[in-house]
Enquirer: 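Pasting a structure here, questions to come.
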Amino acid sequence: MENRQTKNFYEGIINRRTPYNASFYVLLGALALVYIWCRTHGINFGDAIVFVTGVNAGWCTETNATNHWLYTNTLSTLLPLWPWNPLEDKLVFVSIIFGVLSLWQAYRFAYLLSGSERGSLLAMLLMALGFTWWRQAEIIEVYTAGTFLLFLTLIPLCRDLLNADDFFKKPGSSPFSAAFWQQIIAGFNTGPNPAFRHVYLVSFMYGMAILLHIQHVLMMPVFIWYLYRSGGTRALKGLALFIATSSILWLSPLIWHQNTIGQVFFDIHYSRKWLIPPIGVMLKLGRDGIFYFIWNYGFFIPIIAWGVWLAWQHRRETTLLLMYMVAVYSAYCLRNPVADAYVFYLVPNVLLAVLASFAYGRLTKNVSENLVWGLYILQGLSLPLMYYSAYYFAKDTPKLAYLGERKAYKGGVRYLMLPWMNNLPDLIYTSRVIYERRIVPVNFIEFHWNYVPCIQYLYGHPDPTEYEFTKEEGNEKVIKPLLPEYKPTGYPDSVFNLQPVEQLPGAGN
């Protein structure tokens, strides 16, 4: 009897409208305020200056692995219609807006899969306050917009699969069984499956997601499987629509000769070493990936594991496809020995948070509304307290103190361990101090690639200083001290123990 009730529950929610009650709006509004309050001011370190200069330069036909063609060109067209705030502030708010929109879509996706309104809200809250997502939602980056398009692809895709699959009618069915494949082949041979009503929407949105971030090419097997399941000529039409939507990636190298097809996937600075990294590097990156996952969700990981297990019991095909995405996006991270590599784990972290809605739904099924609100508040406070407590007790340990010194120009250990970005030095401030006071921070070699385009953006001409770098201290590159070297000690205005940069002679000229 219980299996029958479970079957009817999961069968009945697929096409049910997503409920939006006061709890949803209160939580979403509170998270939006958190992101606005915690946002970076100025230009954050990393790829932000690339986006700022790209949007500032206007329309660009170049496509490559790091260009993000749709993001840059759309914003260079639309942001001039926004008459106030400097460009860098506008781009921060773009990330916040798409961060909030993505949380809305995460709630929709979680409800589609689990059917639990309370569980979906808790899953949305878990995703929102995870370190990686929180950081990306308050800086200049492409990932919140990319996740928004990814959700707009996955929601109709999974809705069609859930409408078509027999797993809740036959709980024992498995994608690994012969009977399953016989049903699939038989269905494909009989023409288009009427359950697949969103093929063209999925194809178009996936093409847009690829244009925004080439990393989503890793989802291609899921998309091909979806087209195969849809059956008939509609699958071929969907594939043609996807190719047409994403065609700028393939046509740009042929029309404008600005890069090769290979650079679409692997930008020019990627080498054979990146494609085939040493096994020792992959093991280190794998260890780092486990740490990033723990740092994102901490003591909520058992709930995620339980949610994945419940999802597998009730949504086998979609769970298998989502876990494939978790695995392949994580494997991609093993080939990225770069600073701030945690961001590449964003998609796996987001999908696992969504699947946690199954466990949250089971936990809150027969709980009073007041107690559920207590859970919202508890979870909303738990992750920030975890981050701050770990930071408070670990910031003075020798290893973190050393790393904090190397990252002092970003904000030291605070930057490394806390997701919020307010009251930290930004790229504009630090670059002006270097340029106008002729001093350089510790580990300037790491900062230099951000510094060069920032000076060009701020002053309209490059820094004439010829910085020289040499290999010292083993294999580590350090600056040859042509200029005095300072060790920042505080944030933000005391980062170089100097007065605010706006008061420096010549600042803003």
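Since the model is a prediction, treat every value here as computed from it, not as a measurement.
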Enquirer: Taking all non-hydrogen atoms of both residues, which atom of Leu352 and which atom of Phe293 are closest, and how far apart?
Expert: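 Closest approach of Leu352 to Phe293, heavy atoms only: CD1-CE1, 3.7 Å.
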Enquirer: Do the non-hydrogen side-chain atoms of Leu126 and Tyr360 ever get within less than 4.5 Å of each other?
Expert: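 Side-chain contact under 4.5 Å: yes.
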Enquirer: For Phe93 and Ile36, work out which heavy atoms get closest and say how close.
Expert: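 The pair with the smallest heavy-atom distance is CE2-CG1, 4.3 Å.
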Enquirer: Report the relative orientation of the aromatic rings in Phe109 and Phe151; use parallel for angles under 30°, tilted for 30 to 60°, perpendicular for over 60°.
Expert: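 Perpendicular, since the angle between the ring planes exceeds 60°.
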Enquirer: Could you tell me whether the side chain of Leu351 reaches within less than 4.5 Å of the side chain of Leu154, counting heavy atoms only?
Expert: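 Yes, their side chains come closer than 4.5 Å.
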Enquirer: Considering all heavy atoms of both residues, which atom of Leu79 and which atom of Lys90 are nearest to each other, and what is their separation?
Expert: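 Distance-wise, the nearest heavy atoms are O-NZ, 3.3 Å.
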Enquirer: How are the rings of Tyr376 and Trp373 set relative to one another: parallel (under 30°), tilted (30 to 60°) or perpendicular (over 60°)?
Expert: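 Correct class here is perpendicular.
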Enquirer: With rounding to the nearest 0.5 Å, note down the distance linking CG in Asn21 to CG in Leu27.
Expert: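 Output value for this atom pair is 9.0 Å.
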Enquirer: Any donor-acceptor pair under 3.5 Å linking the side chain of Thr319 with the backbone of Ala311?
Expert: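 Yes; judged by distance alone, with no hydrogens or angles, the pair exists.
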Enquirer: Would Leu321 and Cys158 count as a side chain to side chain contact (heavy atoms under 4.5 Å, CB included) here? Give the steps.
Expert: CA-CA 9 Å; Leu321 293 177; Cys158 289; over 6 Å; no
Enquirer: Do the rings of Tyr143 and Phe344 sit parallel, tilted or perpendicular, given the 30° and 60° boundaries?
Expert: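 Tyr143 vs Phe344 ring planes: perpendicular.
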Enquirer: Using a 6.0 Å cut-off, check whether atom CH2 of Trp104 has over 12 heavy atoms from anything other than its own residue.
Expert: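 Incorrect, the count does not exceed 12.
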Enquirer: So, Asn349 side chain and Trp133 main chain: donor-acceptor pair closer than 3.5 Å or not?
Expert: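 No, the answer is negative, given that no donor and acceptor are paired below the 3.5 Å cut-off.
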Enquirer: Got a donor-acceptor contact below 3.5 angstrom from the Arg135 side chain to the Gly130 backbone?
Expert: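 Such a contact is absent between Arg135 side chain and Gly130 backbone.
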Enquirer: Answer yes or no: is there a donor N or O on one side and an acceptor on the other, between the side chain of Arg362 and the main chain of Ala359, under 3.5 Å?
Expert: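 The answer is no, because no donor-acceptor pair under 3.5 Å joins these two groups.
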Enquirer: Ignoring hydrogens and angles, tell me if any N or O in the side chain of Ser102 forms a donor-acceptor pair with the backbone of Phe148 under 3.5 Å.
Expert: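 Checking the backbone N and O of Phe148 against the side chain of Ser102, a donor-acceptor pair under 3.5 Å is found.
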Enquirer: Which value, rounded to the nearest 0.5 Å, describes the distance between Leu122 atom CG and Met127 atom CE?
Expert: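 Separation between the atoms: 14.5 Å.
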Enquirer: Applying side chain to side chain contact (heavy atoms under 4.5 Å, CB included), run through Arg39 and Met421 and close with a yes or a no.
Expert: CA-CA 6 Å; Arg39 73 188 188 279; Met421 295 289 289; over 6 Å; no
Enquirer: Do any N or O atoms from the side chain of Ser95 and from the backbone of Ile139 form a donor-acceptor pair under 3.5 angstrom?
Expert: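 Checking the backbone N and O of Ile139 against the side chain of Ser95, a donor-acceptor pair under 3.5 Å is found.
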Enquirer: Measuring from Met386:CE to Ile294:CD1, what's the distance to the nearest 0.5 Å?
Expert: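 Reported to 0.5 Å precision, the distance equals 10.0 Å.
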Enquirer: Would you call the rings of Trp69 and Trp59 parallel, tilted or perpendicular, where under 30° means parallel and over 60° means perpendicular?
Expert: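 Perpendicular, since the angle between the ring planes exceeds 60°.
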Enquirer: Dump the intermediate steps for side chain to side chain contact (heavy atoms under 4.5 Å, CB included) on Glu117 and Tyr107, then the final yes or no.
Expert: CA-CA 8 Å; Glu117 183 178 354; Tyr107 170 72; 3.4 Å; yes
Enquirer: Between Thr53 (side chain only) and Val50 (backbone N and O only), is there a donor and an acceptor less than 3.5 Å apart?
Expert: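 Confirmed, Thr53 side chain pairs with Val50 backbone.
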Enquirer: Look at the side chain of Lys410 and the backbone N and O of Phe45, then say whether any donor-acceptor pair between them is shorter than 3.5 Å.
Expert: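 No: the side chain of Lys410 does not pair with the backbone of Phe45.
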Enquirer: Any chance you could measure Ile303, atom CD1, to Ser357, atom OG, to the nearest 0.5 Å?
Expert: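 Atom-to-atom, Ile303:CD1 and Ser357:OG are 12.0 Å apart.
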Enquirer: Minimum heavy-atom separation for Tyr35 and Ala128, please, with both atom names.
Expert: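 Closest heavy-atom pair between Tyr35 and Ala128: OH-O, 2.8 Å.
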Enquirer: Return the CG to CG distance between Asn370 and Leu375, rounded to the nearest 0.5 Å.
Expert: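 Between atom CG of Asn370 and atom CG of Leu375 there are 11.5 Å.
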Enquirer: So do the side chains of Leu113 and Leu322 get within less than 4.5 Å of each other, counting heavy atoms only?
Expert: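 Leu113 reaches Leu322 side chain to side chain.
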Enquirer: Atom CD of Gln105 and atom OG1 of Thr147: how far apart are they, to the nearest 0.5 Å?
Expert: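 Between atom CD of Gln105 and atom OG1 of Thr147 there are 11.5 Å.
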Enquirer: Does the plane of the ring in Trp420 sit parallel, tilted or perpendicular to the ring in Tyr387? Use 30° and 60° as the thresholds.
Expert: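 Rings of Trp420 and Tyr387: perpendicular, over 60°.
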Enquirer: With a 4.5 Å limit on heavy-atom distance, are the side chains of Asn163 and Arg197 in contact?
Expert: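 Result yes, sub-4.5 Å side-chain heavy-atom pair found.
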Enquirer: Between His216 and Tyr329, what is the ring plane arrangement, given parallel below 30°, perpendicular above 60°, and tilted in between?
Expert: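 If you compare the ring of His216 with that of Tyr329, the planes turn out tilted.
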Enquirer: Any luck finding a side-chain donor-acceptor pair between Tyr226 and Asp160 under 3.5 Å?
Expert: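 Yes, because at least one side-chain N or O of Tyr226 sits under 3.5 Å from a partner of the opposite role on Asp160.
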Enquirer: Evaluate the side-chain proximity of Arg118 to Val367: yes if any heavy-atom separation is below 4.5 Å, no if none is.
Expert: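 Counting from C-beta outward, Val367 and Arg118 do come under 4.5 Å.
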Enquirer: To check you understand the geometry: which heavy-atom pair defines the closest contact between Thr153 and Ala209, and what is its length?
Expert: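 Shortest heavy-atom contact: OG1-CB, 4.5 Å.
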Enquirer: For the backbone of Phe98 and the side chain of Thr144, can you confirm whether one donor and one acceptor N or O come within less than 3.5 Å of each other?
Expert: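 It does not hold such a pair.
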Enquirer: With side chains defined as the heavy atoms from C-beta onward, is the minimum distance between Phe131 and Tyr292 less than 4.5 Å?
Expert: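 No - every pair of side-chain heavy atoms lies 4.5 Å or more apart.
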Enquirer: Ignoring hydrogens, what is the shortest heavy-atom contact between Tyr71 and Ala145? Give both atom names and the distance.
Expert: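 In terms of heavy atoms, the two residues are closest at CD1-CB, 4.4 Å.
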Enquirer: Can you tell which of Lys237, Met220, Met205 makes a side chain to side chain contact (heavy atoms under 4.5 Å, CB included) with Phe242?
Expert: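 Considering Lys237, Met220, Met205, a side chain to side chain contact (heavy atoms under 4.5 Å, CB included) with Phe242 is found only for Met220.
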Enquirer: Got Phe300 and Leu383 here, is their nearest side-chain heavy-atom distance under 4.5 Å?
Expert: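 Phe300 reaches Leu383 side chain to side chain.
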Enquirer: For a side chain to side chain contact (heavy atoms under 4.5 Å, CB included) check, start with the C-alpha distance between Asp288 and Tyr345, then their side-chain angles and the critical distance, and finish with the verdict.
Expert: CA-CA 11 Å; Asp288 293 346; Tyr345 288 93; 5.8 Å; no
Enquirer: Checking side chain to side chain contact (heavy atoms under 4.5 Å, CB included) between Leu150 and each of Val347, Leu212, Val350, which is the one that passes?
Expert: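 Checked Val347, Leu212, Val350 against Leu150; only one passes side chain to side chain contact (heavy atoms under 4.5 Å, CB included): Val347.
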Enquirer: Keeping Asn44 on the side-chain end and Ile140 on the backbone end, is there a donor-acceptor pair under 3.5 Å?
Expert: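 Side chain of Asn44 to backbone of Ile140, a donor-acceptor pair under 3.5 Å: yes, one is there.
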Enquirer: Quick one: does Trp134's side chain get under 4.5 Å of Pro384's, heavy atoms only?
Expert: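 Yes, close enough: below the 4.5 Å cut-off.
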